[in-house]
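Structure, as structure tokens:
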Amino acid sequence: MKYDFKKIEKKWQKEWAKGEYKLWHASDGSKKPKQYVLDMFPYPSGEGLHVGHVEGYTASDIYSRFLRMNGYNVLHPMGWDAFGLPAENYAIKKKIHPSIVVKNNVKNFTRQLKSLGFSYDWQREINTTDPDYYKWTQWIFLQLFKKGLAYEAEIPVNWCPNDKTVLANEEVIDGGCERCGTKVERKKLKQWILKITAYADRLLADLDGLDWPERVKEMQRNWIGRSEGALLKFPITCNRPYSGALEIFTTRPDTIAGVTYMVVAPEHPLIAELGEHIENLSEVKKYIEKAKNKSDRERQENKEKTGIALKGVKAVNPWNKKETPIWVSDYVLMNYGTGAIMAVPQHDERDREFAEKFKLPIIDEPLLPNEEVIKKVGGQKKINYKLRDWIFSRQRYWGEPIPIIKCPTCGNVGVPEADLPVTLPKVKNYEPTGEAESPLAGIAKWVKVKCPQCGEWAKRETNTMPQWAGSCWYYLRYLDPSSRESLVVGSKEKHWMPVDLYLGGIEHAVLHLLYARFWHKVLFDIGAVSTKEPFMKLVNQGLILGPDGHKMSKSKGNVVNPDEMIEQFGADSLRLYEMFMGPLEDAKPWDPRGIVGLFRFLQRVNSLSVVGVTISSAIERALHQTIKKVTEDIKEFHFNTAISALMVLSNKMESLNPEFVKLLFPFAPHLAQELWSRMGNKTFLDEEPWPTWDEKMIQEDEFELIIQVNGKMRDKFMASRGISQAEAEKSALAREAVKKWIPDGQPKKAVFVKDRLINFII
RNA sequence: GCUGGGGUGGCGAAACGGCAGACGCACUAGCCUUAGGAGCUAGCGCCCGCAAGGGCAUGUGGGUUCAAGUCCCACCCCCAGCACCA
């Protein structure tokens, strides 16, 4: 029979769609054990689904179908992370409202996902740009505001001149904008900031309990960057009366005797404070000016140390009362520790480099116990983090409005919860202003509002939230997508949380995954959720590279379009190929011919007779072995070897059997369901139990006994299971091929591995 | 530099310390055919050989073991992330 994949796939997709995909509804009241299998939801771009999406979504679909057949109540939802720059930029270019752009893209993505047969619970579909959804994103912001975890401050921020908005530290990659690569500028602006640093210790400590890839945990650990040390004060002396001290942070108080100079960051307040006490103030100011003009990227590119000494000012080492000079250098950063260090060139590479360049002494002094130093000099223990607070406001249109009202008398006032959502008004012009405000600032009618506290005229906050806001909590909304009284009803949250499996790309390791953990912990603290962590197990699918081995990109012209693959070979072949390419987590290049092999496999399976012939015991044994192999492989996400096991079995089979069809189902659901129906079954495979194997059936009564001489394989013969060493030796030594290697038939020694091999040593 | 992950045929890859290369792609030969670029069968690591057979092979060099791709030590190379964080 011809493998008419188009007809088969269309037919079953239509069947599955009945009752709004009833087959895949997750029930809140089920007695079955629950499993929450979550995909990282896509940004619905104009380009449509990428083969990388297909990879991750196929993997989670296989796993979900497997769990359902094993008696689990599975929640496997899908939605849209639809706020963000691309829709807005497209809107600016084409003069179409972003919401229309998003609507069209969502339609296309939905069509594509359905054409791949993914078993989502479509009743729980969510969209972060839906006011009923972002009402709760705003609600969470208000809770952060109430707890003092959202605050406004004027600080130096990363500004992308191309996207005309500020960026979080996590969004700056190698000094460039995460999105467009444009060199980021430093600007001092008043911004909304989330106090993620208040959770640094918990975000770090709770990583240990997570079943996540080690590299992701390590990336988060590095990003949080905890270091234990101490704050120590060095009194300052100069030629005029002065009573200040320079406070430094160090992880090595034990090296204090080796201090030969001090360094402060160019932005350090000490310089302004000392003012005229500094004899060479004008030169110092010149250096500081030069350092300020350097971007972060320039500072990183050129690591040649620069600096200038503060003349007429000294610091006193509190340990040995020695006077040491104070320098200004941009290798010390103002936003870490205290912005000042004690320099120990003997023990620190950077200090050594600086000392060598400026001919400062390098002395070798004995190390002292940390505790003793801290105690004697009156210092205090301190833990520092590299993690910075999250700069949260954006000067763009297409995002959630920050629900704050700025009142001239009351200051920043949260929008009353009853007034949520603060909906995004329609504007004529989405163009960013290029200033510290979003295009919303231009809508006087929307901006003007009465202060909820004093009733006087006030203004709305016109900045919007960053792209990451909506994805910080979406996994909770799936549990209760239409709830009006809370972001998620407690009983539903308790039933489903935490997410058992979270599948997605590694690119979110220190962005989405860190932000979401932070929000989740805040929600935990206010009692809105019952678990400390949102995602128990994380699996990252590896990147699918273009046929040229490079990352797929439009400019390189190496992008593979899933729609074309489905058109040519069908969804089942595409699913199977992407799973067969290699280990799920590895990066792997697309082989344009590769999919053919999987198509051939399905074609062969399709042509097998549905009328069962009596199966031989050899095939029955192979079947049991395959059930075991595929079951274990799916549990470990080894889909490539599971598919290969199915191929091996199918190459032996003369006709279809129900177990094989069930094993195939999670991987190639359309064809498997078609075969199931051809075999005379009226049920859906989703509702069928997963096949089981009998360990006794797997055991073969004969095996190939390997004969080695000095560890090299020389011969083999069929032996019955359980053969004794004496019997094995006798039979082996009698063989011609063995006699050739052991002419006297007298090996020095024989190592016998039961039911496997015998190794003669001569 | 630090951290994590890797180096196995022409390619993607398999391999509880026990026959290295399963499965698939490509390739070769043959078959079928309504001559379809997506059919079927067989072969296919490298070297010597008509063959039988033998030798060599899992980045490099050592080690442990009856036996090492797998365990231990040192080194080289590749990929990813972070990187003047005191």
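So you know, we letter chains A, B, ... as the sequences are listed, proteins then strands, and number each from 1.
- Residue order along RNA chain B, read from the 5' end via each residue's closest nucleotide, puts A/Val648 first among A/Asn335 and A/Val648.
- A/Arg756 has no side-chain polar atom (N or O) that falls below the 4.0 Å cut-off from OP1 or OP2 of B/rC16.
- Defined by atom type and a distance below 3.5 Å, a donor-acceptor pair is missing between the side-chain atoms of A/Gln699 and A/Glu695.
- Within 3.5 Å, a donor on the side chain of A/Asn759 pairs with an acceptor on the base of B/rC66, or the reverse.
- Position along RNA chain B of the nearest nucleotide to A/Glu214 versus A/Ser227 favours A/Glu214 as the more 5'-ward residue.
- Across all strands shown, B/rC75 pairs with B/rG59; the Watson-Crick or G-U wobble distances both stay below 3.5 Å.
- Nucleic acid contact class of A/Trp741 (heavy atoms, under 4.0 Å, all strands): sugar-phosphate only.
- Between B/rC11 and A/Arg593, no contact under 4.0 Å exists linking OP1 or OP2 to a side-chain N or O.
- Side-chain atoms of A/Lys716 and base atoms of B/rC19 include a donor and an acceptor less than 3.5 Å apart.
- Here, B/rG59 and B/rG69 have their C1' atoms 12 Å apart, quoted to the whole Å.
- The partner of B/rC32, taking Watson-Crick or G-U wobble pairs whose two distances both stay under 3.5 Å, does not exist in any strand shown.
- Comparing B/rG21 with B/rU58, their C1' atoms are spaced 9 Å from each other, to the whole Å.
- In this model, no donor atom of one side chain and acceptor atom of the other lie less than 3.5 Å apart for A/Tyr385 and A/Thr197.
- A close approach under 4.0 Å does not occur between any side-chain nitrogen or oxygen of A/Arg221 and OP1 or OP2 of B/rC2.
- Looking at A/Gln708, its side chain has no donor and acceptor atom pair within 3.5 Å of the base of B/rC19.
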